[in-house]
Amino acid sequence: MTVPKEKPEKWARAGAPLSWSRKKPSWGTEEERRARANDREYNEKFQYASNCIKTSKYNILTFLPVNLFEQFQEVANTYFLFLLILQLIPQISSLSWFTTIVPLVLVLTITAVKDATDDYFRHKSDNQVNNRQSQVLINGILQQEQWMNVCVGDIIKLENNQFVAADLLLLSSSEPHGLCYIETAELDGETNMKVRQAIPVTSELGDISKLAKFDGEVICEPPNNKLDKFSGTLYWKENKFSLSNQNMLLRGCVLRNTEWCFGLVIFAGPDTKLMQNSGRTKFKRTSIDRLMNTLVLWIFGFLVCMGVILAIGNAIWEYKVGTRFQVYLPWDEAVDSAFFSGFLSFWSYIIILNTVVPISLYVSVEVIRLGHSYFINWDKKMFCMKKRTPAEARTTTLNEELGQVEYIFSDKTGTLTQNIMVFNKCSINGHSYGDVFDVLGHKAELGERPEPVDFSFNPLADKKFLFWDPTLLEAVKMGDPHTHEFFRLLSLCHTVMSEEKNEGELYYKAQSPDEGALVTAARNFGFVFRFRTPKTITVHEMGTAITYQLLAILDFNNIRKRMSVIVRNPEGKIRLYCKGADTILLDRLHHSTQELLNATTDHLNEYAGEGLRTLVLAYKDLDEEYYEEWADRRLQASLAQDSREDRLASVYEEIESDLMLLGATAIEDKLQQGVPETIALLTLANIKIWVLTGDKQETAVNIGYSCKMLTDDMSEVFVVTGHTVLEVREELRKAREKMMDLSRTIGNGFTFHEKLTSSKLTSVLEAVAGEYALVINGHSLAHALEADMELEFLETACACKAVICCRVTPLQKAQVVELVKKYKKAVTLAIGDGANDVSMIKTAHIGVGISGQEGIQAVLASDYSFSQFKFLQRLLLVHGRWSYLRMCKFLCYFFYKNFAFTMVHFWFGFFCGFSAQTVYDQYFITLYNIVYTSLPVLAMGVFDQDVPEQRSMEYPKLYEPGQLNLLFNKREFFICIAQGIYTSVLMFFIPYGVFAEATRDDGTQLADYQSFAVTVATSLVIVVSVQIGLDTGYWTAINHFFIWGSLAVYFAILFAMHSKGLFGLFPNQFRFVGNAQNTLAQPTVWLTIVLTTVVCIMPVVAFRFLKLNLKPDLSDTVRYTQLVRKKQKAQHRCMRRVGRTGSRRSGYAFSHQEGFGELIMSGKNMRLSSLALSSFTTRSSSSWIESLRRKKSDSASSPSGGADKPLKG
Amino acid sequence: MDRTSQGCPSRWRDNTALKQQHLPAHRLQLSATKVLSGFFVTGTFCLGVGIILILSAKSTKEIEINYTNICANCAELRENTINFDKECTCSIPFYLPETMQGNVYMYYKLHSFYQNLYRYSLSRSNSQLMGQDIMDVGNCDLFGKTPNGTPICPCGAIANSMFNDTIILSYNLNSSIHIKVPMLSSGITWWTDKFIKYQNPNSNHLPSAFAGTAKPPFWPRAVYELDEEDVENNGLVNDDFIVWMRTAAFPTFKKLYRRLRRIQYFTEGLPAGNYSFNITYNFPVTRYHGEKSVVLSTLTWSGGRSLFLGLAYTVTGTVTWLASFVMMAIYLARKERMTVFPQQ
């Protein structure tokens, strides 16, 4: 794809928020990089970053100060510190200092321990990477060095299957012409191999002595995060050589199929493109977190208001009553006026009432989230047996957000698919093979398959290849000419390279997995592609080696969508074998094949319906003269100076006509297990799934169909492929209009106004009827994401049920996520497995990494990781939903209990001259939040379940409250607060009413302060315990233990605190001696407590009961349904893969790039030993090198050249 | 399952009900039967308790006389601190129309006296009051030491402001015979207060035990001279003192002063007839616009004549009943329309 040249700054801009804040060299921003080989002294001048990587935050010495500093950046912690300081001022201290410091220290410690553990693991992983060994050329000798000691300018030697330690300039390799193969899975997620080549002058530096003398200097661009772009110059021996990305080996790649290579370190450590791309770990907050912080601020405002009211009250009281009461209680020395007294009492009340912002809130939230994270880690149903990987919650702070996800952005390769291509079915001469039948002759479903076909007759067969239909092998063995020709084609028509380490141990180097799958299939069915030279292909056909003369490769490209080979068989017959996309190839068939064509078309439809990628195979016999003549014309065309490509294409087109149809293949791009079911379920849960992939459009659409994102029931699938801004805008507009039109016709005659503003459009589009899907290309997306079009794009996309973005770069993935985040105010989740998904994983609210694949970059950047896409449904619908539910219930209850607890002081203020007298004993205040009421609510927050887990899968709609934020929002918050205040009113005024008049049963005074305190405290503890009992929907033994235990502990501590022993030891601290036993022995007190409880709880029960009857929500209904048919066995929903018929999609599933065809024909990549040197012509070799150069210079000249090869998803 | 465990032994320990969130549990369900029957039961209970409480409260007798204005002359005298040593008595006659049966308790009641002020309620020294260290005036603040530095015992604002009116009830058989109604000053405190919280310092001779301390500034006598009639009732264990020291929760409060000693005429209680309170007026209340009363009351199991609890229960019971009828009506009306998911 091409990106307009005027756009480079856009890429840079979008990259900025993700870019790594790098330690700049001391002399300022690096403008260019100079590195001289084998000259450490020279390179040290520039103070380039070393190859040591540091992702950890603290060391032993800095931990305490840095961590404390970070923690006190939290507003809440600072607030409590401030309170603590206030309490140390005697004039305003109305509570002992320990009421605040105990919880504060507890909170700080817990957080510090957590941070320390996290950092420890970061240290460990840093060390592991930094201590990897590599061979460095120092003073002419190869030495083992740790990665972290590698410097810019060093020459290092890499061996096969080693990780590249830093960004290297490839100097030479074991392969001819300085070629080497790399796998960039870590970096961009692509698993197919790529070729890198050293520049010719250095490719001769094969041995160490030459390399040691190499003193070239590289001047190149400063470190950046563009994976596919590099420009620099090598100055050596007074010559300049230009360098491009084609010469670079980037950190994170793995060397494959190359014995060794040497490279010059250009960027090291944090400067490498890998690290530049990894971005800064952003601290993610959940929406509940943000809401909580807002609410805490509100509460703080409320607290100040209460403080002001009480302070005014105090001033008035002191002025009217206090001045006269001075006989008995003179004012404090410092206090000289009622006004000042009021001012002091403001602060005193701030201290007393601070419990409305409970310090234990934050730590409890952390504990609950930690618990939920452990549940995720422990979940057996998210444990992948095959890979032995459990699900892992890597961050413990986002759990409840899992219950609110609205948008899922998914990578394709490795996430939805396994990136394994399997030869699944084929149609040969009108006969379809590959369906599996069970004994009764029915099509067998997965899981009840018979034994796979036995390929033991063939010693060269690939053991891993499985095929289930024995009839095909029988046909081959019977010598059916069609099947033979079919597999012959597969074994000849490809650009795969073979490697035979030992006799019979064949390894295929395929540029794309599909091609590998086809050649492997042919290999197993007895047509073993053995090896090739530039001019021959040797195939073992049913045991006999036959060498075909390779006359031409008509290579694949994106327009042709097909490839052909022209071979001469030993008998001398020339034949053209062609395979390609059905849409292209079926038009080029000879008319005599009409009947066969119909049968094959039926099969193709069938395969496509199953989501398989299809290819049509055909051949054509050529006579000698015609071929000679054609070859001549081809030569002419290839030598042409202008429009060489076009001319070649037309020459190719000419010969690829009137083909004889052989059949078709169907390759399964193996989906991960359970992907369609998961997607269907998530869609039912109203989650929108967008697939962002680097793959090309056809593949992506194919996968879209096979995983049921796209269905034929959809009203329309819009495809946006415009190359210019105008085209894209037009296409988007058309798509919207179409949706509007259709919904207008559907919408019962309801007509929309013609002229709609874009904002109106949004609301209309939200309610669009019918299902649509949008497929957009990377280059169109680049335009669509521009500031003036992004809203338009978003509106269109959001109106669609499914969105597929193909050929997108990692940055674009992040941009799309950012776009949705910015405008939709919805929770986004990004899931992916490769390094190319890292940016999107980090951008989304929640990032999920698929573990167990080759790369671990995605997992490292993610918040959650597991090994199968299908676990996502459990993560969201079960864990996420529960987490959200629990967190909401927890928060509601927490605010409720603290308001009920604290507001009593407020009412009491009116009866105690606003003197900041507390209602309760100070120990009760200290312990209320951390002992008496903490565990039951924690147990609820950790264990509660509203409906059993199976139900949340059965009724995905249960997920919706989370998306709509129904369970905890400002309204719910006010309800909780109101309930808390209501409770506090009753909690104060009922005992007040009773105590004001009553006496004890022995005639003594009842209404003493201490008895009142004990009564209110006891009824408070009982009321909130009953309330938590009501809120707990799932009473496990632990809940019982905690709730009853809390009550027991309350009474135990109460009696202990009021005991004679403690009073004897500390008479001034434990002033309540004997109070519990005297007060709680009074029937009046118990009657008061019971009455308070009844009056506080009954309205809640009544309200809930009425809601259940009048306005039940879905979970209520589900529960009710459960109740109704308790004894009936739950049936599991069984989703069958329904075959899709109808529109056919072709998947010429080859890599987007041109194949290795040119490389093969030039013989460049062949080992000299295996080459027929005689047939090696200078012309063809130079043409290849030239074309490589040309490409190189193209990409170097265009700043957006990088976008030519987007990263695969 | 077995194969699983063998396949991955390290995972076996995770396979507990707790970790898989399959703990056996009771799912709380607000079913109609439970809720409605709960409401009916609660309503019945509350109504019952309410009626019993009201009835028992009604059975008590109580008489309250506010003597702030009756003894206005004494109040005026006390307004001026110069007259602190002048005695002022005041007699309040009243008629008791019905006999007060059983135990009769005499209370003094103060209005707008803020014993619950934060600084007031802290102004005491428990270690001094328990006789541990009578020199410890820790929190007593302004009332800790005399101007010349002698520690005050008992120190603090609470002790200093102790109620010190003497109230004597006389039964006027006729215009000439006035019988002093026998009253007990013992048994008006909590056992824990009398024997744990308040202790005299260990000494045989009380005055010497308090040597080196001064009396609170407002007190006419030292702490060991509080009760002239009963020697045992002196010092920090004086009943009136302990009662005062148990600070009230609200600005209006009554504290038990004396209880009837049921002998002679008074074995049945206080017979109907003419009585008078003879009050030695010491405690000034008008200065802070307060008032004081004297209360005579009989008791039942639920305490004195307080209707609040009974009424509250009755109202709650009634409302709960009404609510349960409304809820039942709604439930029955909605029952048919309750959604049940079709069997899948």
Side-chain angles (χ1 to χ4, degrees), chain A residues 94 324-325 327-330 375 378 380 383 385 388 911-913 915-917 993-1001 1003-1009 1012 1032-1036 1060 1067-1068 1071 1073-1074 1078 1083-1084 1087 1091 1094-1095 1098 1101-1102 1104-1106 1108-1109 1117 1119-1121 1123-1124 1131 1133, chain B residues 8 11 14-15 19-21 23 25-30 35 42 105 114 116-121 126-127 130 132 138 142 157 161 188 190 192 196-197 246-250 253 255-256 259 287-289 299 301-304 306 308-309 312-313 316 320 323 327 330-331 334 339-341 344:
Chain A
S94 44
R324 287 194 290 270
F325 200 67
V327 198
Y328 295 124
L329 186 71
F375 282 138
W378 285 330
K380 200 175 60 187
F383 177 75
M385 277 301 153
R388 292 285 152 79
F911 295 86
C912 68
S915 64
Q917 174 71 292
V994 176
F995 275 51
E997 283 298 310
T999 50
R1000 292 160 59 89
D1001 55 4
T1004 55
Q1005 174 200 14
L1006 181 63
D1008 69 292
Y1009 167 73
F1012 182 70
T1032 307
Y1034 189 71
W1035 277 75
T1036 64
K1060 187 180 161 187
N1068 286 326
R1071 296 176 285 141
V1073 60
N1078 279 301
T1084 319
L1087 284 175
L1091 180 68
V1094 167
V1095 176
M1098 279 304 176
V1101 178
R1104 293 201 181 164
F1105 179 78
L1106 290 180
L1108 199 69
N1109 279 283
T1117 317
R1119 270 193 304 248
Y1120 182 72
T1121 311
L1123 203 72
V1124 167
Q1131 285 183 357
R1133 149 181 312 219
Chain B
C8 197
R11 288 265 123 202
D14 288 352
N15 210 358
K19 292 182 176 181
Q20 300 303 325
Q21 308 195 59
L23 282 178
H26 170 71
R27 286 180 190 275
L28 195 71
Q29 183 94 27
L30 290 180
V35 172
T42 315
Y105 298 83
Y114 285 82
N116 58 4
L117 293 179
Y118 178 65
R119 283 175 46 241
Y120 180 87
S121 65
N126 279 342
S127 57
M130 74 180 291
Q132 205 177 43
L142 290 170
S161 60
I188 57 173
W190 294 4
T192 46
I196 298 168
K197 205 169 178 179
R246 179 153 287 280
T247 54
F250 307 112
F253 58 87
K255 283 175 185 283
L256 185 56
R259 54 199 183 97
R287 209 183 294 168
Y288 63 88
H289 291 203
L299 270 190
W301 63 275
S302 61
S306 162
F308 179 85
L309 197 58
Y313 261 106
T316 310
T320 312
M327 280 158 65
I330 291 173
Y331 169 70
R334 300 289 302 192
T339 341
V340 176
F341 282 108
Q344 304 224 340

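Within every chain, numbering begins at 1; the chains are lettered A, B, ... in the order of the sequence lines, protein sequences first and strands thereafter. Side chains are part of it too, since the values below use all heavy atoms of this structure and drop only hydrogens, waters and symmetry mates.
- Once rounded to the nearest 0.5 Å, the distance linking CD of A:Gln1005 with CZ of B:Phe253 reads 7.5 Å.
- A ring-centre distance under 6.0 Å is not found for A:Tyr328 and B:Tyr114.
- Each of A:Ala916, A:Ala996, A:Gly1033 has some count of heavy-atom pairs under 4.5 Å with chain B, and the biggest count is that of A:Gly1033.
- Chain A forms the most heavy-atom pairs under 4.5 Å with one residue out of B:Arg259, B:Arg119, B:Lys197, B:Gln132, and that residue is B:Arg119.
- For A:Thr999, the side chain to side chain contact (heavy atoms under 4.5 Å, CB included) partners are B:Tyr107, B:Lys254, B:Leu299, not counting sequence neighbours.
- Only the side chain of B:Met130 comes within less than 4.5 Å of a heavy atom of chain A; its backbone N, CA, C and O stay farther away.
- Here the CG atom belonging to A:Asp1008 is positioned 4.5 Å from the CZ atom belonging to B:Arg246, to the nearest 0.5 angstrom.
- Separation of atoms CH2 (A:Trp1035) and CG (B:Leu23) is listed at 14.5 Å; rounding is to 0.5 Å.
- Atom NE2 in B:His289 sits 4.0 Å away from atom CZ in A:Arg324 (nearest 0.5 Å).
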After noting the C-alpha distance and the side-chain angles of B:Trp301 and A:Asp1001, does the key distance pass the side-chain contact (heavy atoms from CB on, under 4.5 Å) rule?
CA-CA 5 Å; B:Trp301 63 275; A:Asp1001 55 4; 5.6 Å; no
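- If you tally non-hydrogen atom pairs under 4.5 Å between each of B:Leu256, B:Asn126, B:Val35, B:Thr192 and chain A, the highest count goes to B:Asn126.
- For B:Ile196, the parts lying near chain A are the backbone and the side chain together; criterion is any non-hydrogen pair under 4.5 Å.
- Looking at A:Pro1083, only its side chain comes within 4.5 Å of chain B, counting heavy atoms on both sides.
- If you measure heavy-atom distances from B:Ala312 to chain A, the contacts under 4.5 Å come from both the backbone and the side chain.
- To the nearest 0.5 angstrom, B:Leu28 atom CG is 9.0 Å from A:Arg1104 atom CZ.
- Looking at A:Phe911, both its backbone and its side chain come within 4.5 Å of chain B, counting heavy atoms on both sides.
- Between A:Tyr1034 and B:Gln21 the shortest side-chain heavy-atom distance does not fall below 4.5 Å.
- Judged by distance alone, the side chain of A:Lys380 and the main-chain N or O of B:Lys19 form no donor-acceptor pair under 3.5 Å.
- In this structure, chain A has heavy atoms under 4.5 Å from both the backbone and the side chain of B:Tyr288.
- For B:Ala157 against A:Leu329, the heavy-atom pair with the smallest separation is CB-CD1, 3.8 Å.
- Only the side chain of B:Tyr105 comes within contact range of chain A, with at least one heavy atom under 4.5 Å from a heavy atom of that chain.
- When each of A:Val994, A:Asn1068, A:Val1101 is checked for heavy-atom pairs under 4.5 Å with chain B, A:Asn1068 comes out on top.
- Comparing A:Asn1078, A:Thr1036, A:Leu1106 by heavy-atom pairs within less than 4.5 Å of chain B, the highest count is held by A:Asn1078.
- A:Tyr1009 contributes no side-chain N or O that, together with a main-chain N or O of B:Ser121, makes up a donor-acceptor pair within less than 3.5 Å.
- Using the six-membered ring where Trp is involved, A:Phe1105 and B:Tyr331 have ring planes that are tilted, between 30° and 60° apart.
- Heavy atoms of B:Thr316 lying under 4.5 Å from chain A belong exclusively to its side chain.
- A donor-acceptor distance shorter than 3.5 angstrom exists from the side chain of B:Gln20 to the backbone of A:Trp378, with no hydrogens or angles considered.
- When each of A:Thr1004, A:Val1094, A:Leu1091, A:Val1095 is scored by its heavy-atom pairs under 4.5 Å with chain B, the top score falls to A:Leu1091.
- For a residue to count as touching a neighbouring chain, one of its non-hydrogen atoms must lie under 4.5 Å from one of that chain's; by this rule B:Leu117 touches chain A with backbone and side chain alike.
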